[in-house]
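In the text below, chain A, chain B and the rest are named by the order of the sequence lines, each starting its count at 1. Because the structure is a prediction, the values reported are computed rather than measured.
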4 protein chains.
Amino acid sequence: MDDARGRVGRPRSEQARVAVLQAVDDLLVEIGYAAMTMKGIAERAGVGRQTVYRWWSTKAEILFEAGAADAEQELAIEPAGSPLDDLTAYLEALVRFLWRSPAGAAYRALLGEAQHDPAVAELLAGKDILGDSARVVIERALPDSRMPIERATALLIGPTFFWVLSGRDPAGLDARTLAEDFLRQV
Amino acid sequence: MDDARGRVGRPRSEQARVAVLQAVDDLLVEIGYAAMTMKGIAERAGVGRQTVYRWWSTKAEILFEAGAADAEQELAIEPAGSPLDDLTAYLEALVRFLWRSPAGAAYRALLGEAQHDPAVAELLAGKDILGDSARVVIERALPDSRMPIERATALLIGPTFFWVLSGRDPAGLDARTLAEDFLRQV
Amino acid sequence: MDDARGRVGRPRSEQARVAVLQAVDDLLVEIGYAAMTMKGIAERAGVGRQTVYRWWSTKAEILFEAGAADAEQELAIEPAGSPLDDLTAYLEALVRFLWRSPAGAAYRALLGEAQHDPAVAELLAGKDILGDSARVVIERALPDSRMPIERATALLIGPTFFWVLSGRDPAGLDARTLAEDFLRQV
Amino acid sequence: MDDARGRVGRPRSEQARVAVLQAVDDLLVEIGYAAMTMKGIAERAGVGRQTVYRWWSTKAEILFEAGAADAEQELAIEPAGSPLDDLTAYLEALVRFLWRSPAGAAYRALLGEAQHDPAVAELLAGKDILGDSARVVIERALPDSRMPIERATALLIGPTFFWVLSGRDPAGLDARTLAEDFLRQV
DNA sequence: GTGTAATCGAGACGGTACGTCCTGTCTTCGG
DNA sequence: CCGAAGACAGGACGTACCGTCTCGATTACAC
């Protein structure tokens with residue numbers, strides 16, 4: 001309705017849109033975030049640069065759109081029977097996401113950029129990928145907890161988040177132990 | 001010793017060194033990390049660009065040298081009497097550092113860059129500012145703990161670290177509560 | 001006939017045609033030839049770009065169509081009684097045309113473009129605005145001359161043409177003197 | 001002296017300067033004035049674009065510097081014995097220059113551009129290539145003429161100039177006849 | 001003192017990405 | 001089929017910064 005009314009002119013090309021998102025995905029793996037350029041994205045996608053700028057302002061925006069869906073899916077956990085198993089499975093997924101997954105690499109790059117670029121910070125603030133995924137798990141595992149969900153989230157995610165982002169080797173992490181630690185607090 | 005050997009030629013100018021470090025400090029506050037350039041640093045310092053490149057490879061290196069001493073000092077806590085008070089004071093200092101301090105801004109910028117730049121990651125790995133400061137406090141407050149210090153560090157720092165870096169408002173944090181949570185685990 | 005055959009569909013819009021020609025006239029005065037673009041012309045005329053391209057290939061073509069009629073009229077001189085007066089009047093008109101008239105500005109722009117663009121050269125070759133106007137005057141003033149008309153044309157127009165196009169100030173020209181010079185040769 | 005005093009920084013590269021001028025000369029012949037771009041010139045010269053922009057503002061300026069010396073030389077005529085021979089030789093050189101010479105093509109392109117670009121007009125006004133060369137010949141051939149040199153110049157050059165620039169075939173020109181016509185006026 | 005040598009500020013060098021603009025084509029809807 | 005609108009791929013624009021390179025000038029140590 002909002003879309004179909006007074007539309008005039010050539011409509012946006014879906015083909016160009018997915019080509020750009022795919023190019024960003026590929027380039028992130030091949031050359032990394034820092035080496036990615038708007039020019040390079042456009043060329044890789046076989047798309048004019050103006051077309052890229054018409055729909056996204058920065059490579060951060062494209063990366064966000066390209067990675068958000070994957071991220072959400074990778075952090076969604078099947079119920080595992082017990083609270084401890086649930087939390088363990090989630091923390092394992094979190095490590096996998098942050099450490100190895102392309103979507104996680106994108107997330108870390110964006111979060112890094114957000115530390116010194118308010119525009120990116122705002123972009124990330126619009127969709128709290130980690131917090132949302134953790135809330136689902138916590139509410140399922142501890143429906144009766146009286147701890148505010150925000151604080152519980154930080155306690156659950158924080159240690160792993162710090163461990164990975166500060167460059168420590170995730171091999172030194174044990175998800176089950178962390179889950180047990182968490183249950184002792186909450 | 002390293003310096004006194006058969007050195008010949010004009011020695012490094014201490015004046016140029018501090019001018020560069022000062023310029024980086026100033027520019028970080030004035031224009032932010034992303035907008036800082038090697039060219040801009042050299043001009044602000046009144047120094048030739050070659051002189052900058054001669055002693056540092058990247059702006060990350062300069063920033064690191066400029067901020068490390070401040071960071072260490074801001075995270076060093078006087079013994080406060082009780083373990084809970086000690087830990088609370090440390091977490092308060094940590095929030096101040098990450099959230100408001102220029103040195104903390106530098107640290108966050110570097111940590112962000114480290115997520116997609118291995119050279120910066122290595123730089124940070126060389127000096128574990130957060131981990132070192134936390135270890136001191138933990139060993140003082142809990143001399144008898146049998147939990148590995150690395151894990152204890154992650155449990156202590158993690159929630160606050162995640163809270164701030166993910167863009168949440170530190171006003172929602174309560175250091176004493178977090179310290180109590182921590183003591184329940186360890 | 002050409003028009004009356006089995007034409008089908010919406011006929012060419014006269015309104016669009018004159019809007020484009022008017023836009024070109026306006027833009028030539030307002031921003032000059034070099035700054036004119038096909039995009040700008042279409043927008044100024046309130047016309048689709050495709051409509052412009054459908055009927056003209058280049059801005060030179062539009063400008064030519066827009067200025068030709070004016071040029072012809074500005075260079076047509078009423079008989080003035082004597083050959084000398086006729087020629088003087090013509091040379092004065094020529095200076096006015098080349099120096100101040102919008103149509104003259106268009107002509108000079110096109111002639112300039114023709115020096116490095118064969119397509120424009122061919123366009124101008126199709127209608128010899130200056131030569132045709134001079135021939136009329138010369139044949140009227142000197143019906144018995146045995147000098148080839150082409151050479152006479154060059155002798156009459158050349159000095160003024162050179163003067164103006166090489167950027168000299170037309171104030172330094174005296175049409176009557178030039179007419180006398182011309183009569184001495186022919 | 002003026003140059004050698006307080007110079008600081010790396011001096012301008014003569015090698016880059018001649019590479020650019022040579023590239024412009026080549027490109028003018030190969031692809032023509034209109035198709036020449038600053039980007040193309042820089043690439044052809046194996047030079048950074050900034051280097052081109054540092055020393056010249058427009059392709060017109062480069063072309064002017066590249067062609068001026070050639071033009072001057074091509075229009076300098078050896079004394080031929082008689083005024084008529086002198087003037088004939090000059091007019092023949094003028095036709096050669098305007099019609100066939102690469103330097104002449106450059107001149108025509110610049111003169112064309114000058115018709116709608118005041119910056120180029122000013123550039124050409126700074127060095128009156130045609131006028132200067134004609135003055136030399138006229139003053140040598142007619143040392144006692146009382147006609148102002150500017151007017152004599154226009155009478156001498158004008159017809160040929162008009163003939164060539166308006167796209168007429170120079171085969172139809174006869175230099176000796178034009179020289180005779182000129183002598184009849186002056 | 002007189003080299004010798006590494007430093008300094010300055011600024012030009014060849015490159016490359018930036019974000020904008022225009023090109024000429026295309027794809028939509030409405031007359 | 002024409003027309004307005006506007007997105008498309010492409011490519012030049014002029015600018016900024018990259019990291020390197022030459023300059024002349026300075027400043028130490030070794031002779």
Using a heavy-atom cut-off of 4.0 Å across all strands, would you classify A:Gly40 as base, sugar-phosphate, or nothing?
nothing

Is there a donor and acceptor pair, one atom on the side chain of C:Arg49 and one on the base of E:dG24, closer than 3.5 Å?
yes

Rounded off to whole Å, could you give me the CD-to-P distance for the C:Glu43 and E:dT23 pair?
10 Å

With nearest nucleotide decided by heavy atoms, which residue, A:Met36 or D:Gly9, maps closer to the 5′ end of DNA chain E?
D:Gly9

Any donor-acceptor pair under 3.5 Å between the side chain of B:Arg12 and the base of E:dT7?
no

Contact list for DNA chain E against residues 54-64 of chain B - heavy-atom distance below 4.0 Å
B:Arg54, B:Trp55

Could you tell me whether a side-chain N or O of B:Lys59 sits under 3.5 Å from a main-chain N or O of B:Met36, the two making a donor and an acceptor?
yes

Using heavy atoms and a sub-4.0 Å distance, could you list which residues of residues 108-115 of chain B are near DNA chain E? By number, please.
none

Side-chain contact check for A:Tyr53: nearest option of E:dG19, E:dC26, F:dT22 is E:dG19

Nucleotide of E:dA5, F:dA16, E:dA17 approaching B:Val8 most closely (side-chain heavy atoms)
E:dA5

For F:dA28 and B:Arg10 - does any side-chain N or O of the residue sit under 4.0 Å from the phosphate oxygens OP1/OP2?
no

Assert: residue with more 5' nearest nucleotide on DNA chain F, out of A:Ala16 and C:Gly48, is C:Gly48

What nucleotide, of E:dC18, E:dG24, F:dT20, holds the atom closest to the side chain of A:Met38?
E:dC18

If you check every side-chain atom of D:Lys39, which of F:dC8, F:dC13, F:dC23 has the closest atom?
F:dC13

Does anything in residues 18-33 of chain A reach DNA chain E, meaning a heavy atom under 4.0 Å, and if so which residues?
none

So, does B:Gln115 use its side chain to make a donor-acceptor pair with the main chain of A:Leu165 at under 3.5 Å?
yes

Considering heavy-atom distances to DNA chain F, does D:Gln50 or C:Ala45 have its closest nucleotide positioned more toward the 5' end?
C:Ala45

Think B:Thr51 has a side-chain N or O under 4.0 angstrom from the OP1 or OP2 of E:dC8?
yes

B:Arg12 NZ/CZ over B:Trp55 ring centroid, <6.0 Å and within 45° of normal:
yes

